[in-house]
Amino acid sequence: MSFAQQPVELSLWPDGAVVPESPESMLRIGKSYLGTRYVANTLDQNEKETLVIRTDAVDCLTFVEYTLAQALGSSFADNLQKIRYRDGIINGYPSRLHYTSEWIENGIRHGFLTDVTARDSEHTMKLSLSYMSTHPEKYRKLADSQENIALISEHEKAISGKTVHWLPKSELPASGLPWIMNGDIIAITTKLPGLDIAHVGIAEYRHGKLHLLHASSTLGKVVVSDKPLNHMLNNNKSWTGIRVVRMYHSKND
Ligand code: 2YP
């Protein structure tokens, strides 16, 4: 399956680097998923780790992955593998980018994501990841594999200690912020011990308020939040704020 490369609006960052306005394609493609049913753990059903494409049944992360894979143009499957696996290499369950912080870092390193929060928010936090290795019973591919737990634990240690930029929810008004644009990927930070991100979605402004286009586990489908994003954050005690990343086409694309 291949999708025509979408024209991407370019604008100048203050330092003169050329990066796209958050591409309209992320929002347009994301909205084509409205109503798609929410199904958890679609990537964990096979014995062997393979590239799973199930655009008819998404969770919060796979919804963003399929949207990004299509918005990047050219080969959907090739893009998806680059997005979902460390350095694009499928090598068993631990090679999947399970923590969104590493998913983001991989996208930046491979030139298809840029960290907007790193440019526009001075708040930083130190990553401390251990959730999967300390809750193996929650993960089908960990519950009965000491080897996978050990490998996941190594990756947790490799990412832990890194500093990332974020925005505390107290600094996000219902109207959003000028540097958060339609189509941006929103990663919601959590205070749950050992976890970095608790939910992801796509930014959409409606009537001057910043909402979230996301696969909702409570509503069981992809929706645009009826409440603005800052209300969602304030209604959830363990949600602390957001990281904002943007699809990026390097200049020589
Ligand atoms: C990820 O969870 C899983 C991946 O293993 C999985 O749970 C973790 C740390 N990683 O491959 C991937 C796709 O299924 O999901 C996501 C989960 O959000 C769910 C999917 C949702 O809200 O619908 C990502 O990590 C994005 O936010 C967190 C959240 N996991 C937890 O809250 C434990």
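Ligands are counted one by one from 1 in listed order, and the atoms in each one are counted from 1 as well. Just so it is clear, the structure is predicted and the values come from calculations on it, not from any experiment. Sequential numbering from 1 along the given sequence is applied to the chain's residues.
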Fit a plane to each ring of H199 and W239, take the angle between them on a 0 to 90° scale, and name the class: parallel (under 30°), tilted (30 to 60°) or perpendicular (over 60°).
parallel

Should T189 and R243 count as side-chain neighbours, where that means a heavy-atom distance under 4.5 Å?
yes

I'd like to know if the side chain of N148 reaches the main chain of K141, judged simply by a donor and an acceptor atom lying under 3.5 Å from each other, with no hydrogens or angles considered.
yes

Contact set, ligand 1, heavy-atom distance under 4.0 Å, ordered by chain/number, equals Y38, L43, D59, C60, L61, R96, H98, T100, Y131, M132, Y139, L195, I197, A198, H199

With a 4.0 Å cut-off on N to O distance, would you call R140 and E47 a salt bridge?
yes

Find out whether M132 and H155 are in side-chain contact, i.e. whether some heavy atom of one side chain is under 4.5 Å from a heavy atom of the other.
no

Under the side chain to side chain donor-acceptor pair (under 3.5 Å) rule, collect the residues that match up with S101, sequence neighbours excluded.
D196

